[in-house]
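Each remark here refers to the structure printed beneath this line.
Remember, it's a predicted structure, so these values are computed and weren't measured experimentally.
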Amino acid sequence: RVMKAALHKNTTGIQHYIRRWLPYAAVILMLLAIRLFLPGPWKHQPAYVTIAANDGEIKRIVLPDSSVVTLNARSEIRFQQGGKSNSRDVFLDGEAFFEIHPDNNKPFIVHTDGMQTQVLGTSFNIKYYPGEKLTVGVLTGKVKVTAAEGKSTVLQRGEKTIYNPSAGVFTSINEEPQEMNAWQQGIINMNNLTLEEVATVLERWYSVKIILESPGIAKHILSGSQNN
C-alpha cells in the first residue's frame, strides 16, 4: 500500500508538471514552425537596388557582375545586390543599352512587363515604355526574346525586333548596329518613326509636353536623324 501510494503521488506530480508546462511547450513549437515555414527577418532576403534616369538624363551603371547598363531618359532598372542565384535578373522600365559580362553558368535576363530577353554575353538595346511596343536590337552576340504567352524570337548582330502585344507578333528587321544606341550620343534616329513617336522622345529628353494640333500630322512618317 505504501509503494502504491508513493507511485500514485509520483504519477500525480508528473501529470501536474506536464499540465503546467504544456502550454509553454505549445507556444515554443508554434514559434519554431512560424520561423521555419514563413519568411522573416531571420531568413536572408535578397536586397534589390533601383536606379532611375530622370528626364533629359543618361545614366551609366556597373552591375555587380561587371555588366554595364546605360539608361536613357525617364528609365528605371532594378537588380539584385549580392545573394546567390542561378541567373542574373534585372527589371527594366524604359530604354537601356546593355554590355553583358560573359558568364556561361549564369544567363543574363532582362524582364520587361512579362517579357524576357535572355543572353549569355553580348551588347544590345531594349526599349519599353508604358503604352509603347517592346523593341530589342542586337549590336553583338545573340539574344532570345520571349513573350509572356511563350512565343519567342532569336536575334543576332544587326537585327531588331518589335513586339506587338495585341497581335502577339514579333516583327524583325535589319538595322545598322551603330544606329541602335545612337541615343547615347544624343542622336535621335527618326527612320520609320511617326511625328507622334518623335514628339514622345523629345518630351522625355526635354521634360516638356508637345501637342500636335494639325489633323493627321501625328502619323506622318519621318526619316533621318537629329542631334540634341
Side-chain angles (χ1 to χ4, degrees), residues 53 56-61 67-77 90 92-102 107-148 151-206 210 218-228:
E57 181 182 21
I58 293 177
K59 184 172 290 187
R60 186 175 182 271
I61 306 157
S67 295
V68 179
V69 181
T70 305
L71 287 179
N72 202 350
R74 202 182 293 180
S75 300
E76 179 180 289
I77 191 169
V90 300
L92 173 68
D93 287 317
E95 183 172 13
F97 178 71
F98 293 84
E99 299 169 87
I100 306 304
H101 180 76
F108 191 98
I109 303 174
V110 182
H111 300 265
T112 48
D113 192 35
M115 299 190 65
Q116 296 183 5
T117 301
Q118 179 175 331
V119 300
L120 292 174
T122 186
S123 59
F124 60 100
N125 194 82
I126 294 184
K127 183 173 74 170
Y128 175 74
Y129 289 97
E132 298 184 15
K133 298 174 182 178
L134 172 76
T135 303
V136 181
V138 179
L139 279 78
T140 61
K142 182 188 294 185
V143 305
K144 180 181 181 181
V145 186
T146 305
K151 289 185 179 179
S152 64
T153 185
V154 176
L155 303 174
Q156 301 187 56
R157 183 181 187 274
E159 293 181 339
K160 181 171 78 172
T161 192
I162 302 170
Y163 180 71
N164 186 337
S166 59
V169 174
F170 288 100
T171 301
S172 296
I173 60 175
N174 293 322
E175 186 173 286
E176 290 296 327
Q178 63 269 22
E179 293 182 1
M180 296 179 182
N181 65 329
W183 57 266
Q184 293 188 71
Q185 287 76 48
I187 299 173
I188 299 177
N189 180 9
M190 299 186 296
N191 287 323
N192 298 317
L193 293 183
T194 65
L195 183 57
E196 183 180 34
E197 290 171 327
V198 172
T200 301
V201 174
L202 293 174
E203 287 179 342
R204 289 194 289 260
W205 280 33
Y206 294 107
I210 299 176
K219 301 304 179 183
H220 182 70
I221 302 295
L222 304 178
S223 62
S225 61
Q226 173 67 41
N227 290 323
N228 278 340

Value rounded to 0.5 Å, distance of [atom1] in [X] from [atom2] in [Y]:
{"X": "K144", "Y": "S152", "atom1": "NZ", "atom2": "OG", "answer": "4.5 Å"}
{"X": "T117", "Y": "L134", "atom1": "OG1", "atom2": "CG", "answer": "6.0 Å"}
{"X": "Q185", "Y": "S225", "atom1": "CD", "atom2": "OG", "answer": "11.5 Å"}
{"X": "I58", "Y": "F97", "atom1": "CD1", "atom2": "CZ", "answer": "12.5 Å"}
{"X": "I162", "Y": "T153", "atom1": "CD1", "atom2": "OG1", "answer": "12.0 Å"}
{"X": "S75", "Y": "D93", "atom1": "OG", "atom2": "CG", "answer": "8.5 Å"}

Inset, instruction - Determine, step by step, whether T200 and L202 satisfy the side-chain contact (heavy atoms from CB on, under 4.5 Å) criterion, reporting the C-alpha distance in whole Å, the side-chain angles of both residues, the deciding distance to 0.1 Å, and the verdict. - result: CA-CA 5 Å; T200 301; L202 293 174; over 6 Å; no
Non-hydrogen atoms of [X] and [Y] that approach each other most closely:
{"X": "L155", "Y": "V145", "value": "CD1-CG2, 4.3 Å"}
{"X": "P165", "Y": "K133", "value": "CD-CG, 4.5 Å"}
{"X": "Q156", "Y": "V138", "value": "O-CB, 3.4 Å"}
{"X": "N192", "Y": "E197", "value": "O-OE1, 4.2 Å"}
{"X": "Q178", "Y": "N181", "value": "O-OD1, 3.5 Å"}
{"X": "A148", "Y": "M115", "value": "N-CG, 4.3 Å"}

Legend entry - Side-chain heavy atoms of R157 within contact of P177, under 4.5 Å: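 They are in contact (side-chain heavy atoms under 4.5 Å apart), so the answer is yes.
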Inset, instruction - Taking the side chain as every heavy atom from C-beta outward, state whether K142 and V154 have any pair of such atoms under 4.5 Å apart. - result: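 K142 vs V154: side chains touch.
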Legend entry - Within 45° cone of Y129 ring axis and under 6.0 Å: R204 NZ or CZ: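 Cation-pi check for R204 and Y129: passes.
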So, [X] and [Y]: side-chain donor and acceptor under 3.5 Å apart, yes or no?
{"X": "W183", "Y": "N125", "answer": "yes"}
{"X": "S172", "Y": "E159", "answer": "no"}
{"X": "D113", "Y": "Y128", "answer": "yes"}

Inset, instruction - Please lay out, stage by stage, how T135 and I126 fare under the test side-chain contact (heavy atoms from CB on, under 4.5 Å). - result: CA-CA 6 Å; T135 303; I126 294 184; over 6 Å; no
Legend entry - R60 side chain to T70 backbone, donor-acceptor under 3.5 Å: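 Flag not set: sc R60 to bb T70 has no pair under 3.5 Å.
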Legend entry - Trace of the side-chain contact (heavy atoms from CB on, under 4.5 Å) decision for L193 with I221: CA-CA 6 Å; L193 293 183; I221 302 295; over 6 Å; no
Inset, instruction - I would like to know whether L71 and I77 meet side-chain contact (heavy atoms from CB on, under 4.5 Å); could you show each step before the answer? - result: CA-CA 8 Å; L71 287 179; I77 191 169; 4.0 Å; yes
Legend entry - Aromatic plane relationship, F98 with F124 - under 30° parallel, 30 to 60° tilted, over 60° perpendicular: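 Correct class here is parallel.
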Inset, instruction - Return yes when atom NE2 of H220 has more than 12 non-hydrogen atoms of other residues, nucleotides or ligands closer than 6.0 Å, and no otherwise. - result: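 Not buried by this count: 12 neighbours or fewer within 6.0 Å.
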Legend entry - The single option from K127, E95, E57, K59 passing side chain to side chain donor-acceptor pair (under 3.5 Å) against N72: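 That would be E95; it is the only one of K127, E95, E57, K59 passing the side chain to side chain donor-acceptor pair (under 3.5 Å) with N72.
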